[in-house]
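The next block holds one structure in the form of structure tokens; read it before the comments.
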Amino acid sequence: MKPQLTLGVSLKMYFGYQQTLEWSRQIAEIVGHHPATQQGQVELFVFPSLPAIAPTLEAFRGTVMKVGAQNMFWEDAGAYTGEVSGAMLHEMGCGYVEIGHAERRRYFAETDKQIADKTTAALRNQLIPVICIGEAERCSAAQAIEQAVEQAHQALGPAEKQGLSGDAILAYEPQWAIGAKEPASADFIGEVCQGLAQRLVGGASGERRVIYGGSAGPGLLSQLGSRTGGLFLGRFSHQPAAYKAILDEALIFLNNQADRS
Ligand SMILES: O=C(CO)COP(=O)(O)O
């Protein structure tokens, strides 16, 4: 069955190695038994720090949780000290890779061109790119949609020109809502995510899904309902109980969808 909801987590650089493994063990236990995960209707992924990818893959083996990286390089091999290729991530068993997070733009000066090259490399290596888009400053929903659509086209354009097909996730993350106390308001998120879905989903050679990130946590999915394709979680997934609470909301969401159809 096609997933109807996506819940992703980036652990950024918050956890140590053992802490990542402990979190993964606890979350694997929850995911393995939770009714929301039983029928293939939720797509789950997590991005740990690079050195923890292999044991995290192991921890989630046999569950629906997919593992990926928070970043990758745009070439597949060569003299690129310190970088990690999509080819290696794919070889290890990763299914997803995050591209162009606002923190990469801010601290590492990543450009639209680099983000497009990385998106192309992800698709070339059968990885689903989770492309981060979103405005830097607060603005109207219409302005946010315009900016995010432009960023998405910049990121995916070259891959599309090359005829590279594959699924992609567009993580709408207004930069002002990342690392904040609260997410953007549900009405704002709903309007932008729905606008983006209208403009960006459909017509592409693969599946496209728009999800929301930026201080997302328990309670948000219930407020948003089907106005978003899912959530991209940061800090508020660190507590296993919070993650379980979000899966509980996912189950209610799926049951509501089933009642409607
Ligand atoms: O940037 C995010 C996910 O990639 C969101 O992080 P926070 O939920 O911690 O704000």
Side-chain angles (χ1 to χ4, degrees), residues 1-12 14-15 20 23-48 56-57 59-60 62-70 94-99 101 127-134 167-173 177-178 183-184 186 189-190 192-193 196-197 201 207-258:
M1 181 178 280
K2 215 167 84 178
Q4 300 186 18
L5 188 70
T6 300
L7 296 175
V9 172
S10 168
L11 295 176
K12 304 197 183 189
Y14 281 113
F15 287 178
T20 305
W23 181 89
S24 299
R25 274 192 287 271
Q26 292 187 35
I27 299 295
E29 182 67 26
I30 293 167
V31 165
H33 293 102
H34 200 285
T37 67
Q38 302 304 310
Q39 285 171 11
Q41 291 164 294
V42 281
E43 174 182 45
L44 302 180
F45 61 81
V46 59
F47 300 148
T56 303
L57 278 161
F60 286 108
T63 75
V64 298
M65 180 74 84
K66 300 283 193 290
V67 179
Q70 297 171 17
C94 290
Y96 295 70
V97 64
E98 182 175 358
I99 311 257
H101 190 275
L127 296 166
I128 297 178
V130 178
I131 303 163
C132 300
I133 52 180
D167 299 349
I169 293 174
L170 297 155
Y172 169 61
E173 300 206 313
I178 297 173
I189 297 170
V192 178
C193 285
L196 293 177
V201 175
E207 286 270 327
R208 300 273 184 270
R209 186 183 292 277
V210 178
I211 64 175
Y212 170 79
S215 305
L220 186 60
L221 196 56
S222 305
Q223 288 182 60
L224 288 170
S226 58
R227 292 181 289 179
T228 177
L231 299 176
F232 192 18
L233 301 154
R235 290 158 296 149
F236 301 127
S237 64
H238 288 179
Q239 297 297 330
Y243 192 87
K244 181 181 173 298
I246 295 166
L247 279 184
D248 292 345
E249 290 177 68
L251 183 63
I252 295 168
F253 172 96
L254 294 172
N255 288 340
N256 288 343
Q257 298 285 97

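Listed here is the closest heavy atom pair of V67 and P48: CG1-CD, 3.9 Å. Nearest heavy-atom pair across S237 and W23 is O-NE1, 3.1 Å. Smallest separation of non-hydrogen atoms from A168 and I128: CA-CG2, 4.1 Å. Among all heavy-atom pairs drawn from R209 and L5, the shortest one is NH1-N, 3.7 Å. Between P129 and I99, the shortest heavy-atom distance links the atoms CB-CG1, 4.1 Å. Across every non-hydrogen atom of C94 and G68, the tightest pair is SG-CA, 4.0 Å.
V64 has its side chain out of reach of Q38: every pair of non-hydrogen atoms, C-beta onward, lies at least 4.5 Å apart. Residues Y96 and I169 form a side-chain contact, since some pair of their non-hydrogen atoms from C-beta on lies under 4.5 Å apart. At least one side-chain heavy atom of H101 sits less than 4.5 Å from a side-chain heavy atom of C132. Side-chain contact between L170 and L196 is absent, with no heavy atoms from C-beta onward closer than 4.5 Å. Proximity of I27 to V9: side-chain heavy atoms (C-beta onward) are nowhere separated by under 4.5 Å. Residues F232 and F45 meet the side-chain proximity criterion, which asks for heavy atoms closer than 4.5 Å. T37 has its side chain out of reach of T63: every pair of non-hydrogen atoms, C-beta onward, lies at least 4.5 Å apart. Two residues are said to be in side-chain contact when any heavy atoms from C-beta on lie closer than 4.5 Å; F60 and L44 fail this criterion.
Taking CG from L233 and CG from L11, the interatomic distance works out to 10.5 Å, rounded to the nearest 0.5 Å. Within the model, atoms CG of D167 and CD of E207 stand 5.5 Å from one another, a figure rounded to the nearest 0.5 Å. The structure places CZ of F236 at 5.5 Å from OG of S215, a figure rounded to the nearest 0.5 Å. Rounded to the nearest 0.5 Å, atoms CD1 (I252) and CG (L247) are 11.5 Å apart. Between the NZ atom in K244 and the CD atom in Q26 there is a gap of 13.5 Å [rounded to 0.5 Å]. With values rounded to the nearest 0.5 angstrom, L57 atom CG is found 10.5 Å from K66 atom NZ.
The aromatic rings of H238 and F15 sit tilted, their planes meeting at an angle between 30° and 60°.
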> Given I189 and L220, is the side chain to side chain contact (heavy atoms under 4.5 Å, CB included) satisfied, shown in steps?
Replying inline: CA-CA 10 Å; I189 297 170; L220 186 60; 4.1 Å; yes
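Q239 CD: 12 or fewer foreign heavy atoms inside a 6.0 Å radius.
Distance alone, capped at 3.5 Å, places no donor-acceptor pair between the Q41 side chain and the Q4 backbone.
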